[in-house]
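Notes follow once the structure below has been shown.
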Amino acid sequence: MFADFNATRVILGVLQAFLLVLFAPLITGIMKKVKARTQKRVGASIFQPYYDIIKLIKKDETVSEQSSWVFRLNPWINFVAITTATLFVPVVMAYSPFGIAGDILLILGLYGLARFFLILAGLDVSSVFGGLGSSREMMMSSIVEPAIFIMVLSVAIVYGGTDVSTIVNSAAQSPLLIPTTIFAAISLFIIILAETGRLPFDNPATHLELTMIHEAMVLEYSGKSLALIEWSKSIKQITLLALLINIFVPFGISSDVSALTLGLGLISFVIKAVLFGILIAFLETRVAKWRLFRIPDLIAIAIASSLIGTTIFYIG
Amino acid sequence: MMPQFDLLAICSAILLITTFAVVARRGFMDWLNAYRYQSIALAGVTAIIAFVTGIWEIYIAAILTFVIKAIVIPKVFLRVTGGLAIKNKIETDPYISIRSSVILSALLVVFSYFITEQFPFKFDKVVNAFLPVSISMFLIGIFVMIVRKKTLNQVVGLLILENGLFLFATSLTHGISLIIEVGIFIDVIIGVIISAILMQRINYTFDSMSVANLEKLRDE
């Protein structure tokens, strides 16, 4: 493992993490555009999230007098935790040099940290909506997390370990569509919808107090902090999509360090990420937001799916 | 490296996913579409079994499965349920909540894989792939019939159960004789028609499709 830890690979690893960070708002923009087009609207440009972030960074920030240091620190903790998680995810090459420092559980732990501080910040400003959003988010995360861990278990027993590089490497070499991974992919797709606050769980476009979950927690933010929070939300979304793509449809990913295969890996990743973004956007136009207390139904599907996948691996 | 497909395993995965769609969704159209896709997958599986064993009769069974289960039965259902109120087509209040029944159905699948493992025989590849799936379809069909109140949902459960039995017989015996297959198909169609008439009578008499209402005594 340490023999692979040379300078070129480290630079490439940092570069692919940067790629995720830079590419993230674009995917959000593409999803918004697709959603608008399917609803017969023209929609904003696909670069609109970048313009939003630039505009927000230039603006002044208003912070409530009632808030404490948690509120001011939260955007930075969010951004740093979620950006650190991108370092462990293989994107263009089937290997991440920082894999020696942590596996998929560390990524989930970093997301847990980010979410914990987001919940605290929602409670911190003592606005009604913040507390409402925080309690909903806590309820959702407490039922999503078991689903995530059973999903990770079923992936880990198929591909031999929880290390992301190991998983992606053996996924790239094994036959496409093993039944266990079909079930795990269904589970991860539902989890991604829940984690990134997409439609059956949470409406990302609304500011209506009855339906907000994520938006309610960040309602008090403005200026640079809001820019950071929006950006880290996009980064989290694309990182989870990269996990989904590279674990379940890894073909085209580069397994060695040469310009040609890396280029191929980059192109295939961008195409697959855009296709998944379009798929999620289409799905969002087809479903309505579910009632909060029906959300466990979907999570139950995710849990059942991973459970069946695990069973089929052992007995099937 | 060319990606390879384990076709049998993928077919069994599709069958299981469509079975779960019936358990996890609440609307009649979702069940019917799930049943339709399941029947198409079942026809494909039957054709695969015919190809593996080389018995031409099973091809006819596959075509019959496709025509009757994927086309005729959904059409009959759509005709029958055309005039029903929307409240009769949605399972709003089952005996066991949808999330619990999804988890319980997953446990039923685990159970059926487990008991297939306990059989003291050696099976070939086809039986290995489809026997546990057919048993779990059978069990989930019964489960849906038990825990749901709406008759439409119970009939869909019965049809899933029948699909499971068909898969069980075809994969285990590599094709029972064609005469019996045709008899079973006619049986299914008659069953669907009878249950359709029964549903209409229930709806006409009680103004509801919920079986829970049948338990009340009426003095008239």
Side-chain angles (χ1 to χ4, degrees), chain A residues 94 143 146-147 150-151 154 158 169-187 189-190 200 248-255 261 268 286-288 290-316, chain B residues 1-27 30 90-92 94 96-119 123 125 127-133 135-137 140 143:
Chain A
I143 53 177
I150 302 177
M151 192 279 298
S154 67
V158 176
N169 252 321
S170 43
Q173 283 154 12
S174 57
L176 201 63
L177 292 178
I178 309 167
T180 310
T181 61
I182 298 176
F183 287 110
I186 294 172
S187 180
F189 190 74
I190 294 173
F248 299 112
V249 275
F251 46 89
I253 197 167
S254 161
S255 48
T261 54
S268 64
R286 279 192 49 86
V287 298
W290 283 23
R291 210 151 45 81
L292 190 70
F293 293 111
R294 269 186 75 198
I295 285 173
D297 290 6
L298 260 183
I299 305 294
I301 298 175
I303 293 176
S305 187
S306 315
L307 195 64
I308 293 171
T310 317
T311 314
I312 288 181
F313 180 78
Y314 276 120
I315 312 182
Chain B
M1 198 196 88
M2 274 299 288
Q4 309 147 353
F5 293 92
D6 187 355
L7 198 57
L8 298 179
I10 289 168
C11 283
S12 52
I14 293 172
L15 287 171
L16 276 181
I17 290 168
T18 47
T19 313
F20 265 85
V22 175
V23 183
R25 299 310 304 266
R26 306 194 304 174
D30 299 323
I90 296 178
E91 184 68 58
T92 42
I96 294 178
S97 73
I98 288 185
R99 67 198 75 147
S100 316
S101 54
V102 168
I103 302 280
L104 283 174
S105 311
L107 292 178
L108 285 178
V109 174
V110 174
F111 175 70
S112 55
Y113 270 92
F114 176 72
I115 55 174
T116 324
E117 187 78 347
Q118 305 300 309
F119 285 161
F123 294 129
K125 214 167 166 246
V127 182
N128 250 340
F130 294 122
L131 193 63
V133 178
I135 295 176
S136 48
M137 277 161 74
I140 291 175
F143 181 70

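Chain letters run A, B, ... following the sequence lines, proteins first, then strands; residues in each count from 1.
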Closest non-hydrogen atom pair between Ile182(A) and Ala13(B), with its separation
CD1-CB, 4.2 Å
What part of Leu104(B) gets closer than 4.5 Å to chain A, counting heavy atoms only: side chain, backbone, both or neither?
neither
If we define contacts as heavy-atom pairs under 4.5 Å, which of Val23(B), Ile17(B), Ile14(B), Val133(B) has the most with chain A?
Ile17(B)
Considering all heavy atoms of both residues, which atom of Ala304(A) and which atom of Phe20(B) are nearest to each other, and what is their separation?
CB-CE2, 4.2 Å
Do the side chains of Asp297(A) and Val102(B) get nearer than 4.5 Å, heavy atoms only?
no
Under 4.5 Å between any side-chain heavy atoms of Thr310(A) and Val110(B), yes or no?
no
Verify the neighbour count for atom CZ of Arg99(B): are there more than 12 heavy atoms of other residues, nucleotides or ligands below 6.0 Å?
yes
Proximity breakdown for Ile301(A) and chain B, heavy-atom pairs closer than 4.5 Å:
both
Pick one of side chain, backbone, both or neither for Ile186(A), based on which atoms fall under 4.5 Å of a heavy atom in chain B.
side chain
Is there a side-chain contact between Thr311(A) and Val109(B), using heavy atoms and a 4.5 Å cut-off?
no
